[in-house]
Amino acid sequence: MNISIAGTGYVGLVTGVCLSEIGYHVTCYDIDEGKVQHMRDGISPIYEPGLEELMKKNIVEGRLHFTSSANEAYEKKDFIFIAVGTPEKEDGSANLQYVEAVAEAIATHATQDTIVITKSTVPVGTNEHVKSILLEKNKNGVQFQVASNPEFLREGSAVYDTFNGDRIVIGADEEEVALKVEALYKPFNLPIVKTSIRSAEMIKYAANAFLATKISFINEMANICERVGANIDDVSSGIGMDKRIGKEFLRAGIGYGGSCFPKDTKALLQLASEKDYTSPMLQSVIEVNDKQRVVLYSKAVEKVGSLTGKKVAVLGLAFKPNTDDIREGASLLLIRELLKDGAHVTVYDPIAMPHVEKEFGDQLVYAGSSIEAITDANLAFIVTEWSDIKSLPLTAYIEYMREPMIFDGRNCYSIEEAKKYPITYLSIGREPIEKSR
Ligand SMILES: NC(=O)C1=CN([C@@H]2O[C@H](COP(=O)(O)OP(=O)(O)OC[C@H]3O[C@@H](n4cnc5c(N)ncnc54)[C@H](O)[C@@H]3O)[C@@H](O)[C@H]2O)C=CC1
Ligand SMILES: O=C(O)[C@H]1O[C@H](OP(=O)(O)OP(=O)(O)OC[C@H]2O[C@@H](n3ccc(=O)[nH]c3=O)[C@H](O)[C@@H]2O)[C@H](O)[C@@H](O)[C@@H]1O
């Protein structure tokens, strides 16, 4: 069985590596030649726990190949996965130009009958569009069939999620195609849901919209908790024990970021509006998140007044722990506001710092550790709950900061713990601790 994957980002590379690990011959294709060269040498272009080891192993065992040649990628393949980006356009809709480019290239280079599987998150109806491109541009008179196979992995645990997912969704309008894709996935031994293509496309958006809704809901509750003297962590545990609610995705914080929830909620809203449907609930989810992403900054301004000339530490830059991805990270918004105010900003992240450096250059100081970042700082913001940031004892802030004033966007410390120390500790959805030394 010969498989190829178009796009070697978080989804494409992980999918390619995991398919090769279960024994298939996989060719991963990307238009970025530099990236391809690195991957050939066994170097992963993304940070994803466990990925590089599996990549190296399967390259050595001869099942995993990388190419920047469309010809090599698409000729003589049984299955071709589309895993390129579908970023947000200015109006919030999904930009399908990369998906379309792949469809056109497949139509040009494929030399045998092939099933084209879309893994990228795409608006309902896109697979039909892909099929029409394949038919229209078909150069070699081969037969194309299409299937939708949305991806549910999370960054930071992508390899684990691929082998341990809750379900694999296969959308196909012909039984024969569904069965072939199902057989491809059989070795994963995971529950399989077969639907129409349109329903599969919609499942992906509905899943992300629901998860984003849970986060905005709990953040809304956190904001109410702050005003009524309740503790959001206790409230989350209390409601999460109800199986109908479930305990996952009820961590209050500084809103959801990343390359998917922000863009997918907007794309769904846009998709609905194209059909003359406005979704007040989705609009609110987005609005609550937009406000939540700056809540920590607002707390700091309220507490300190002007941030001009203050030395500020920002701990954690990735949009979540265990990834190098900073797309839509709350850290970026915060840093921009702090710089606008004339603060001196030192940042620390165990992995994602080079990406931030590309954007901010010498406007920031890049520390080698949390301690280095907070040394002599007036304020510290905790943005990403990396384990080495979470495990920093509160005494370290007292020892190293000019004045221990902590704005914790991830509720890394319990209120009971914070109360033991002479610190100012403002978190999300919990009582403020305001003590002086
Ligand atoms: N990042 C994530 O955790 C998840 C992403 N998704 C969806 O999967 C899709 C891909 O997302 P990511 O992997 O994050 O994207 P990414 O931006 O990390 O990677 C996309 C890759 O595609 C390559 N590319 C662009 N045009 C190409 C072409 N014509 N031919 C071959 N390669 C091309 C780029 O060079 C890049 O390496 C998106 O639709 C996203 O919404 C779905 C589930 C999880
Ligand atoms: O479509 C996608 O790209 C993916 O989007 C999310 O995965 P991911 O964005 O990698 O990470 P999550 O763990 O879902 O976190 C997203 C954001 O929500 C925030 N979050 C998450 C959970 C929570 O309880 N509270 C909270 O604020 C995180 O800090 C982060 O900023 C989904 O969890 C995946 O199932 C999906 O495949």
Side-chain angles (χ1 to χ4, degrees), residues 48-50 150-169 190-191 193 203-262 264-265 268 281-282 284-286 288-289 291-293 295-296 316 318-323 325 328-330 382-391 408-418 425-431:
E48 194 56 62
E151 180 54 63
F152 300 98
L153 63 78
R154 294 160 301 173
E155 290 181 24
S157 54
V159 173
Y160 175 87
D161 288 350
T162 304
F163 289 118
N164 300 278
D166 292 330
R167 75 310 202 185
I168 290 169
V169 172
L190 295 172
V193 179
I203 285 171
K204 176 62 196 174
Y205 278 111
N208 274 4
F210 187 77
L211 294 171
T213 302
K214 272 190 112 172
I215 298 170
S216 278
F217 174 82
I218 205 66
N219 284 334
E220 190 92 292
M221 292 305 115
N223 293 333
I224 299 174
C225 280
E226 279 179 22
R227 286 155 179 85
V228 300
N231 179 322
I232 191 61
D233 296 341
D234 295 339
V235 172
S236 284
S237 316
I239 64 172
M241 286 172 79
D242 185 327
K243 289 191 193 69
R244 294 168 303 173
I245 295 172
K247 59 183 168 28
E248 302 288 335
F249 273 68
L250 288 181
R251 272 178 290 116
I254 38 173
Y256 57 77
S259 65
C260 291
F261 288 166
D264 292 346
T265 43
L268 182 54
M281 204 190 72
L282 267 181
S284 302
V285 167
I286 295 166
V288 168
N289 198 56
K291 285 193 192 143
Q292 196 68 12
R293 276 145 65 87
V295 84
L296 217 51
F319 81 95
K320 61 181 276 192
N322 300 319
T323 180
D325 200 344
E328 298 279 341
I382 302 174
V383 177
T384 317
E385 67 278 32
W386 284 94
S387 60
D388 73 328
I389 292 174
K390 261 194 330 196
S391 61
D408 182 358
R410 300 295 180 179
N411 290 1
C412 293
Y413 304 92
S414 72
I415 289 297
E416 292 66 36
E417 174 73 1
Y425 178 73
L426 302 186
S427 54
I428 304 289
R430 307 183 304 176
E431 105 186 62

Distance alone, cut at 3.5 Å: any donor-acceptor contact between the side chains of Arg430 and Tyr425?
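Their side chains do contain a donor-acceptor pair, which is all the 3.5 Å distance test asks for.
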For Phe152, does the CZ atom have more than 12 heavy-atom neighbours from other residues, nucleotides or ligands under 6.0 Å away?
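Counting neighbours around CZ of Phe152, more than 12 heavy atoms of other residues, nucleotides or ligands fall under 6.0 Å, so yes.
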Other residues, nucleotides and ligands only: do more than 12 of their heavy atoms fall within 6.0 Å of CZ on Phe210?
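For Phe210, atom CZ is not crowded (no more than 12 foreign heavy atoms under 6.0 Å).
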Residue list, salt bridge (charged side-chain N to carboxylate O under 4.0 Å, His left out) with Lys247, at least two apart or on another chain:
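Checked Lys247 against salt bridge (charged side-chain N to carboxylate O under 4.0 Å, His left out); zero matches.
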Could I get the full list of salt bridge (charged side-chain N to carboxylate O under 4.0 Å, His left out) partners for Asp166, not counting sequence neighbours?
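Residues passing salt bridge (charged side-chain N to carboxylate O under 4.0 Å, His left out) with Asp166: none at all.
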Does a salt bridge link Glu248 with Lys214, judged by any charged N lying under 4.0 Å from a carboxylate O?
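No, Glu248 and Lys214 are not salt-bridged.
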What's the shortest heavy-atom distance between Asp264 and Tyr205, and which atoms?
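For Asp264 and Tyr205, the tightest heavy-atom pair comes out as O-CD2, 3.5 Å.
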What are the two closest non-hydrogen atoms of Cys412 and Asp408, and how far apart are they?
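The answer is N-OD2, 2.6 Å.
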Side-chain donor/acceptor of [X] to backbone N/O of [Y], under 3.5 Å:
X      : Y      : result
Arg251 : Asn411 : no
Asn208 : Thr265 : no
Gln292 : Ile254 : no

Do you know which of Thr213, Ile215, Ile286 makes side-chain contact (heavy atoms from CB on, under 4.5 Å) with Phe261?
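So, applying the side-chain contact (heavy atoms from CB on, under 4.5 Å) to Phe261 and each of Thr213, Ile215, Ile286, only Ile215 qualifies.
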So which of Ile428, Val288, Ile232, Asn223 actually passes side-chain contact (heavy atoms from CB on, under 4.5 Å) with Ile218?
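Running side-chain contact (heavy atoms from CB on, under 4.5 Å) over Ile428, Val288, Ile232, Asn223 with Ile218 returns exactly one hit, Ile232.
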Partners of Phe319 by side chain to side chain contact (heavy atoms under 4.5 Å, CB included), sequence neighbours excluded?
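By the side chain to side chain contact (heavy atoms under 4.5 Å, CB included) rule, Phe319 matches Glu155, Thr323, Asp325.
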Working to the nearest 0.5 Å, report the span between NZ of Lys320 and CZ of Arg410.
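Lys320 NZ to Arg410 CZ: 10.0 Å, rounded to 0.5 Å.
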Which value, rounded to the nearest 0.5 Å, describes the distance between Met281 atom CE and Ser216 atom OG?
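It comes to 9.5 Å.
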